[in-house]
Chemist: 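What follows is a single structure, and I will ask about it in a moment.
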Amino acid sequence: MLKGLMQDRPLLISSLIEHAATCHPRGEIVSRTSEGPIHRCTYADIQRRSKQVAQALTALGVQPGERVATLAWNGYRHMELYYGVSGMGAVLHTINPRLFPEQIEYIANHAEDQYLFFDLSFVPLLERLAGRLSSVRGFIVMTDRAHLPECSIPGLLCYEDLIAGQTGEYAWPQFDETAASSLCYTSGTTGNPKGVLYSHRSSVLHSWAACAVDGLALGAGETALLVVPMFHVNAWGMPYAGAMSGVRLVMPGPALDGKSVYDLMRDEKVTLALGVPTVWLMLLQHVDAAGLEPKEELCLRRVVIGGSSAPRAMSECFETRFGAFVVHAWGMTEMSPVGTVCNLLPKHAGCSLEQRLAIQEKQGRAVYGVDMTIVDDDGAPLPRDGRSAGHLLVRGPWIASAYFRDEGSVLDADGFFDTGDVATIDADGYMQITDRSKDVIKSGGEWISSIALENAAIAHPAVAEAAVIGAPHPKWQERPLLIIVRKPAQELTREAMLQFLAGRVAAWWLPDDVAFVEELPHTATGKLHKLKLRERFKDYRLPGA
Ligand code: ADP
């Protein structure tokens, strides 16, 4: 083989912030802080201060490859850690504070975190946990001296003091691009959480895909609100992709309620917002309750929705009331996370809103770098006909090959990773998730999609949230049970709900019963907690069962 003669420069995360500081030095990072006020800085500031972070960590004795953890909301200091920790060759371990304390203890010990940076909101949590995190040599609270809390955390350091002692005169080390850069644990809804260990190369390649027009189409003209947390798959890679393309970033800090998100969108003239459906539900409820006119008040052009399926009713509401286009996307922690993005093709130009919403309900087309296929139970490939549903397998340079400190590969003989999702793919390449494989309802040998039923139910104006699980049935093995949270002060009966669904789903998909609850359980990443629901309804008897 004849070798090419191009430069062999490693793809390192530090190169992203260097690029932003050179080409978008005044690109702004706006943060709502834990202390309260709005903070403004630039990519040039983040570059300088992340170098101070790298120097401070070196002074503390952190070695390349060692893990440095964060328990923090979205904000500029967290972003400095993204670049400072990974840039110096250590591994940034972003911990999801919504996990149970026992899970946090498990993953911090499993990762052997050396230092832990945390926001003021997590002082009480760490007062309980600090003594049990055996590898952690020091705790750094992400604030200044004036806001230093009175607390019992041993060896507590103050972030601003720590970096104030450093000059920022620092050259990023150059090393192999396959070195680990960051670590994120899956939520562990079943069993212990598993660590996904990203590399510099995978993170930079993933950023390119995220920036591309058929990805998230990022550029310096965009003001992006990162509602998706930086402890959830690196905020879908936005802190990296944002620096690559000079996006103005808006970070909401701990305030994720509908009013706070809306006000930030309005005040900062946000054009693009990214988050999971549960936070958008809160936003839409706020808009309804307060009688707001988002189309008049906001500059929002696009909303990226992923993590769970974006119901058609939600896309329609963003379209008609906000004048914003919903970009449905799918991925997972093991995929960095972006796998597919639902952008339109030229042939859709003349589509009606109805036709377009039907396309937007799909999770979208694979971005370059993600090789995707669906197979049946025996592993045989299924046709791309938009109807055949099968196990969704993926492979690519930003998809996990194994879990951290876990024996063995997670890939099949052809190098594919089984996502655990069940999906269809149509002739244009649009993929649609029909279910998690463990959530599909198996009725008389056929599969019923719980997601499709939930999305149909949520289109009813009195429904705030809907979940569908399979309940045991003597004849059909399983039948769907629909569980509903009503909107405040709304009436809705079982009969009215079933009647509403009757024209919208196949007759044999109609739920056998409807239960009304005050609240549905969610996982630490905002998804419906189906396992908990199944436990709660395990003795439920369907009518006629
Ligand atoms: P994330 O929540 O960032 O996607 P997780 O690893 O916690 O990462 O969850 C991944 C799973 O979430 C996927 O395997 C899929 O089941 C579900 N998921 C993600 N995006 C979507 C989507 N747009 N529609 C339906 N399910 C989704």
Side-chain angles (χ1 to χ4, degrees), residues 94-96 98-99 103 107 182-191 193-198 206 210 216 226-238 274-280 303-312 314-315 326-343 359-367 370 372 374 389 391-394 398-400 403 410 416-425 430-440 449-455 458 466-468 522-531:
T94 50
I95 303 180
N96 183 343
R98 298 201 183 107
L99 294 171
Q103 286 178 313
I107 66 175
S182 65
L183 175 64
C184 191
Y185 281 73
T186 61
S187 346
T189 321
T190 50
K194 295 190 283 281
V196 179
L197 188 62
Y198 308 106
H206 176 265
L216 303 181
L226 305 194
V227 181
V228 54
M230 290 168 77
F231 52 74
H232 185 192
V233 218
N234 300 324
W236 300 347
M238 281 300 290
L274 304 96
V276 299
T278 38
V279 291
W280 300 133
V303 184
V304 180
I305 306 186
S308 301
S309 145
R312 185 191 189 112
M314 186 175 276
S315 301
V326 164
V327 182
H328 198 183
W330 164 85
M332 59 198 312
T333 306
E334 288 88 337
M335 299 179 71
S336 301
V338 178
T340 63
V341 184
C342 193
N343 288 303
I359 299 163
Q360 283 171 270
E361 239 179 316
K362 302 190 175 202
Q363 278 73 6
R365 291 148 43 83
V367 292
V370 174
M372 191 167 80
I374 43 173
H391 305 281
L392 181 62
L393 312 183
V394 288
W398 56 81
I399 299 171
Y403 292 106
V410 290
F416 278 105
F417 172 80
D418 185 344
T419 62
D421 287 325
V422 178
T424 60
I425 303 179
Y430 285 89
M431 182 276 284
Q432 184 161 24
I433 303 273
T434 58
D435 245 315
R436 289 294 292 168
S437 57
K438 49 187 184 300
D439 295 339
V440 287
S449 160
S450 66
I451 295 183
L453 283 176
E454 286 157 6
N455 287 345
I458 204 150
V468 173
H522 293 98
T523 68
T525 52
K527 298 185 210 301
L528 283 171
H529 205 318
K530 295 267 176 98
L531 193 71

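Every number for a ligand or one of its atoms is a count from 1 in the order of the listing. When a residue number appears, it is its place in the shown sequence, counting from 1.
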Chemist: Atom CG of Leu226 and atom CG of Asn234: how far apart are they, to the nearest 0.5 Å?
Modeler: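 Interatomic distance, Leu226 CG to Asn234 CG, rounded to 0.5 Å: 11.5 Å.
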
Chemist: For ligand 1, is any non-hydrogen atom under 4.0 Å from Thr333's backbone (N, CA, C, O), its side chain (CB onward), both, or neither?
Modeler: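 Both backbone and side chain of Thr333 come within 4.0 Å of ligand 1.
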
Chemist: NE2/His522 to OG/Ser308 distance, rounded to the nearest 0.5 angstrom?
Modeler: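 Reported value, rounded in 0.5 Å steps: 8.0 Å.
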
Chemist: Roughly how far apart are Leu183 CG and Thr94 OG1, rounded to 0.5 Å?
Modeler: 7.5 Å

Chemist: Pick whichever of Pro337, Gly306, Pro229, Gly331 has a heavy atom sitting closest to atom 4 (O) of ligand 1.
Modeler: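 Closest candidate by heavy-atom distance is Gly331.
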
Chemist: Does some non-hydrogen atom of Ala329 fall short of 4.0 Å from ligand 1?
Modeler: yes

Chemist: At the 4.0 Å heavy-atom cut-off, does Lys527 count as touching ligand 1?
Modeler: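 So Lys527 counts as touching ligand 1.
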
Chemist: Only heavy atoms of Val233, strictly under 4.0 Å: list the atoms of ligand 1 that pass.
Modeler: 3 (O)

Chemist: Could you see which bit of Met332 sits under 4.0 Å from ligand 1, with heavy atoms only: side chain, backbone, both or neither?
Modeler: both

Chemist: Give me the residue, atom name and distance of the protein heavy atom closest to atom 27 (C) of ligand 1.
Modeler: Gly307 O, 3.6 Å

Chemist: Starting from atom 3 (O) of ligand 1, what is the nearest protein heavy atom, named by residue and atom, and what distance separates them?
Modeler: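 I find the closest protein heavy atom is His232 NE2, 2.8 Å.
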
Chemist: What distance separates Ile305 CD1 from Thr278 OG1, expressed to the nearest 0.5 Å?
Modeler: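 Interatomic distance, Ile305 CD1 to Thr278 OG1, rounded to 0.5 Å: 10.5 Å.
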
Chemist: Any non-hydrogen atom of Thr186 lying under 4.0 Å from ligand 1?
Modeler: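 No, Thr186 has no heavy atom closer than 4.0 Å to ligand 1.
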
Chemist: Between Gly420, Ser308, Ala524, Ala235, flag the one that comes closest to atom 22 (C) of ligand 1 by a heavy atom.
Modeler: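 Comparing heavy atoms across Gly420, Ser308, Ala524, Ala235, the nearest one to atom 22 (C) of ligand 1 lies in Ser308.
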
Chemist: Counting from 1, what ligand 1 atoms have a heavy atom of Trp236 closer than 4.0 Å?
Modeler: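 Within the 4.0 Å cut-off of Trp236, ligand 1 contributes 3 (O).
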
Chemist: Within the structure provided, determine whether Thr434 and Ile451 are in side-chain contact (heavy-atom separation under 4.5 Å).
Modeler: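 Heavy-atom side-chain distance check fails, nothing below 4.5 Å.
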
Chemist: Which residue owns the protein heavy atom closest to atom 24 (N) of ligand 1, what's the atom, and how far is it?
Modeler: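 Sorting protein heavy atoms by distance from atom 24 (N) of ligand 1 puts Gln363 NE2, 2.8 Å first.
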
Chemist: Around atom 13 (C) of ligand 1, find the nearest protein heavy atom and jot down its residue, atom name and distance.
Modeler: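 Sorting protein heavy atoms by distance from atom 13 (C) of ligand 1 puts Asp421 OD2, 3.3 Å first.
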
Chemist: To the nearest 0.5 Å, what is the distance between NE2 (His232) and OG1 (Thr525)?
Modeler: 4.5 Å

Chemist: Between side-chain atoms of residues 328-336 and protein atoms elsewhere (two or more places apart, or another chain), which donor-acceptor pairs fall under 3.5 Å?
Modeler:
residue, atom, partner, partner atom, Å
His328, ND1, Gln360, O, 3.1
His328, ND1, Glu361, O, 3.3
His328, ND1, Lys362, O, 3.0
His328, NE2, Ala310, N, 3.0
Trp330, NE1, Asp421, OD2, 3.0
Glu334, OE2, Tyr403, OH, 2.6
Ser336, OG, Trp398, O, 2.8

Chemist: Could you check Ser450 against Lys530 for side chain to side chain contact (heavy atoms under 4.5 Å, CB included), going step by step and ending with a plain yes or no?
Modeler: CA-CA 10 Å; Ser450 66; Lys530 295 267 176 98; 3.1 Å; yes

Chemist: What's the separation between atom CE in Met372 and atom CG in Leu392, rounded to the nearest 0.5 Å?
Modeler: 6.0 Å

